[in-house]
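We count ligands from 1, going down the list as the structure has it; atoms in each ligand are counted the same way. Numbering of residues begins at 1 and proceeds along the displayed sequence. These numbers were taken from a predicted model, which means no experiment stands behind them.
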Amino acid sequence: TFLVLILAVFLLFSLSSGFSAEISVFVQTGDSVQLDIQTQELPEFDDLSWKKNKLENIVKYTSESKKEKRYPSYKDRMDFNNKTFSLTLRNTQKTDSGLYTAVAAAESDNNIVTYRVSVIDAVEAPVLTVNSNSSSPDPCNSTCNGSNIIISVIYDSSSCSPEEVTSSDKYILRLSCIGDSIMCNYSNPVSWKTDSKKVNELCTAKTGTYSPAFPPWVIFICLITLALAAVIGFCIYKRKKGTEHPTIILFQ
Ligand SMILES: *[C@@H]1O[C@H](CO)[C@@H](O)[C@H](O)[C@H]1NC(C)=O
Ligand SMILES: *[C@@H]1O[C@H](CO)[C@@H](O)[C@H](O)[C@H]1NC(C)=O
Ligand SMILES: *[C@@H]1O[C@H](CO)[C@@H](O)[C@H](O)[C@H]1NC(C)=O
Ligand SMILES: *[C@@H]1O[C@H](CO)[C@@H](O)[C@H](O)[C@H]1NC(C)=O
Ligand SMILES: *[C@@H]1O[C@H](CO)[C@@H](O)[C@H](O)[C@H]1NC(C)=O
């Protein structure tokens, strides 16, 4: 019951914090991002401000004078909408990553919404390499290198299942086969790039023509037939031998 209690408390905590939870937003370096207040009904307020990392004021709008004050840090790189109170950051830089909170202040402060903004670069193009060494044990082993993750897969056109690796910072590297090509897709929350290559003839020849001509069941049936033929042949031979040498019958 103690464990259940802990679970319940944890659940309650995550539910209650869910309402004021921060909204995660990814932006590609240089792009704009618009942060909305996400509500139709604002409480009465004297002024409304957008703050970065809870301390630094970006803009403050005063309801009585209907005037807005822009603070130096984002003065020339932001737009504030005095009707919807949304904040738009332009030409974002990596250093703009952080928490952005809209605060409506009256007798006490009221956090309206919080965004966790992550400004990240577009991914670099991945590099796909197909092993071209035909004498190595796995000639159809392809390797894809995205700058921070590397995966490899052995190509088999009959069952090329996609391989996927996700890094802790949400970069995804995915290797998949399309016909006689292998494609590598490297992506992060703001962008993706691919590299693809036709596979080595050896890989398509091995998996494309050899195995369908002799699937395992054909070989199995051949073996059974051979075994039966051998048994029957042996019986006939033994019978003949038996009639020629009656002494053997005594032993049996
Ligand atoms: C609201 O913003 C618009 C466009 O930026 C501006 O023309 C207008 O004067 C602003 N209104 C007030 C009351 O500040
Ligand atoms: C190819 O692979 C074989 C066995 O793994 C190795 O001995 C040989 O040096 C490799 N050749 C090249 C050109 O990499
Ligand atoms: C494919 O080759 C790479 C390096 O050439 C190796 O690190 C990897 O283990 C190989 N993958 C498999 C599945 O053999
Ligand atoms: C993968 O790519 C990165 C940069 O693109 C490079 O620094 C690294 O050496 C590469 N790794 C391998 C195993 O090729
Ligand atoms: C690559 O991956 C991204 C993200 O998963 C996806 O949106 C995109 O369509 C993929 N591109 C191709 C060519 O499959």
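No donor-acceptor contact under 3.5 angstrom links the side chains of S86 and N81, judged on distance only.
Ring geometry, F45 versus F85: the interplanar angle exceeds 60°, so the pair is classed perpendicular (tilted spans 30 to 60°). Ring geometry for Y61 against F80 counts as tilted: the plane angle lies between 30° and 60°, on a 0 to 90° scale.
With salt bridges taken as basic N to acidic carboxylate O contacts below 4.0 Å, none links R70 and D76.
Annotation: side chain of L89 is not in contact with side chain of V119 (no heavy-atom distance under 4.5 Å).
In this view, S176 satisfies the side-chain hydrogen bond (donor to acceptor under 3.5 Å, both in side chains) rule with no residue, not counting sequence neighbours.
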Give the intermediate values and the outcome of side-chain contact (heavy atoms from CB on, under 4.5 Å) for residues Y186 and S147. CA-CA 9 Å; Y186 186 41; S147 45; 3.6 Å; yes
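Listed by number with element, the atoms of ligand 1 under 4.0 angstrom from any heavy atom of K66 are 12 (C), 13 (C), 14 (O). Short contacts between ligand 5 and M183, defined as distances under 4.0 Å to a heavy atom of the residue, involve ligand atoms 14 (O). Residue-ligand proximity, N82 to ligand 1, at heavy-atom distances under 4.0 Å covers atoms 1 (C), 2 (O), 3 (C), 8 (C), 10 (C), 11 (N), 12 (C), 14 (O).
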Quick one: ligand 4 N/O to protein N/O pairs below 3.5 Å?
residue  : atom   : partner : partner atom : Å
ligand 4 : 2 (O)  : N145    : OD1          : 3.3
ligand 4 : 2 (O)  : N145    : ND2          : 2.4
ligand 4 : 11 (N) : N145    : ND2          : 2.8
ligand 4 : 14 (O) : N145    : ND2          : 3.3

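The distance criterion of under 3.5 Å between nitrogen or oxygen atoms is met by N185 with respect to ligand 5.
Between the CD1 atom of I120 and the CG atom of D169 there is a distance of 8.0 Å, given to the nearest 0.5 Å.
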